[in-house]
Structures are given as structure tokens and as C-alpha cells.
Amino acid sequence: TASRMLFDQSRVGLLPKALGRIHPTLRTPVAAMAVTLVIELFCAVFARLMWGAIGGFLVCLVGATAGGVVSFVITDIALIVLGRREQLQRVLWTVVIPVVSIALLGVSIYGNFFPAEFPTTIGPIAVLVAMIAGFGYAAARRRRKAAVDPVSIELLEPELLVADRD
């Protein structure tokens, strides 16, 4: 889910630490869930005001679908990079399956989003803009962190990627 993505990105240092905290009793990322809720409500209300109930719903639906597809593609790319970085010998799991997944997702993207009519194109465009902004923010934060502490630049250490589930 989107809140888990914010939570995990906070845990590896890409987002503020407050989003990486979990509720002591419920064991859920409450801050990340609240931020996600606010963003989703803003998008839904804005889309409703701009394009009406049906048009706004379609913009949100297509945007959410595009966001899900993009997150899968990013995950597949990360798996390939991690496999190469760690020199894993499991080619099926670190190359073949992610490449096939990216190809199938590419077909899905083309089949679902092209040709698209306005205003449904707003959702994928918003996802693309948010993704570019997020990568820019992460790169700037990573550069700033490297300038302050060159040892902590490694963000993909396995112990940082696994959320505490205790």
C-alpha cells in the first residue's frame, strides 16, 4: 500500500523519520497512513471539483492504477539492481522474472493508457510528475547525507529494508 511505501522509504532514510514510526499497540505506521489519507482525500476532492463525480472518479482510478503499475516496475528494477550488486547467482529470480514482469507491465501500460482521452490522462501524468519529484528529492537527500556522513550512504543494506515486525 502507499502508506507502507512511505513507511519503508522513511526507514531507509529517504523520507523524514516520523513516517517510519509505528504505533506501539497496533504495530501499524500511523503517521504514514495519516499522510497517505490526507493526500488521497485532497486528490479525490480536487478531481471531483475539477471534473465532476464520474470524471473525477476516472482520473483517480486511472491514476491509482498507473501508480500501482509504476511501483511494480520500480520493484522489478530494484530486484535486478540488487541481484547485480549482491552478485546473486539466482538468474531466474533476479533477471528473468523481473524482465518478463516489466515486459508484461509495459503491454499493460500501453493497452490501458494509450490512446487515452482527457481528463483520464491527468492521473498517469500526476503519477509521473510525483515519481520524478520523488526521485529528485531522494537524490538531493542522498547527496546531502553523503556530504555529512560518507559512511551512511549505503541505503540498501538488508537490515534497513526489513521492517521490524515484532
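Because the structure is predicted, anything quoted here is derived from the model rather than measured.
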Next on the checklist: I'd like to know whether Leu82 forms a side-chain contact (heavy atoms from CB on, under 4.5 Å) with Thr94, so could you lay out the CA-CA distance, the side-chain angles of the two residues, the decisive distance to 0.1 Å, and finally the verdict.
Outcome noted: CA-CA 8 Å; Leu82 184 65; Thr94 60; over 6 Å; no
Checklist entry - Mind checking whether Ile125 and Met131 sit in one hydrophobic cluster, side chains of I, L, V, M, F, W, Y counted as touching below 4.5 Å? => result no
Next on the checklist: Ile122 vs Trp51, test: side-chain contact (heavy atoms from CB on, under 4.5 Å). Steps then yes/no.
Outcome noted: CA-CA 11 Å; Ile122 296 296; Trp51 300 288; 3.8 Å; yes
Item to check | Ser101 side chain to Ile97 backbone, donor-acceptor under 3.5 Å | outcome: no
Item to check | From Arg90 atom CZ to Leu92 atom CG, the distance as rounded to the nearest 0.5 Å | outcome: 8.5 Å
Checklist entry - Under a single-linkage definition using a 4.5 Å side-chain heavy-atom cutoff for Ile, Leu, Val, Met, Phe, Trp and Tyr, are Val81 and Val95 assigned to the same hydrophobic cluster? => result yes
Item to check | From Arg85 atom CZ to Ile80 atom CD1, the distance as rounded to the nearest 0.5 Å | outcome: 13.5 Å
Checklist entry - Is there a side-chain contact (heavy atoms from CB on, under 4.5 Å) between Leu41 and Leu37 once you walk through the steps? => result CA-CA 6 Å; Leu41 282 174; Leu37 175 68; 4.0 Å; yes
Item to check | For Ser3 against Ala32, the heavy-atom pair lying closest together | outcome: O-CB, 3.4 Å
Checklist entry - Has the side chain of Ser10 got a donor or acceptor atom that lies under 3.5 Å from a matching backbone atom of Leu6? => result no
Next on the checklist: Using the rule that Ile, Leu, Val, Met, Phe, Trp and Tyr join whenever any side-chain heavy atoms are under 4.5 Å apart, tell me whether Leu49 and Val59 fall into a single cluster.
Outcome noted: no
Checklist entry - When clusters are formed by joining ILVMFWY residues with side-chain heavy atoms under 4.5 Å apart, either directly or through shared neighbours, do Leu128 and Val69 land in the same one? => result no
Checklist entry - Any link between Val99 and Trp93 through a network of hydrophobic side chains (Ile, Leu, Val, Met, Phe, Trp, Tyr) touching at under 4.5 Å? => result yes
Next on the checklist: Run the side-chain contact (heavy atoms from CB on, under 4.5 Å) test on Phe7 and Ile22 for me, step by step, so that the C-alpha distance in whole Å, both residues' side-chain angles and the decisive distance to 0.1 Å come before the verdict.
Outcome noted: CA-CA 9 Å; Phe7 169 75; Ile22 57 173; 3.4 Å; yes
Item to check | Nearest-0.5 Å distance that lies between atom OG in Ser108 and atom CD1 in Ile102 | outcome: 13.5 Å
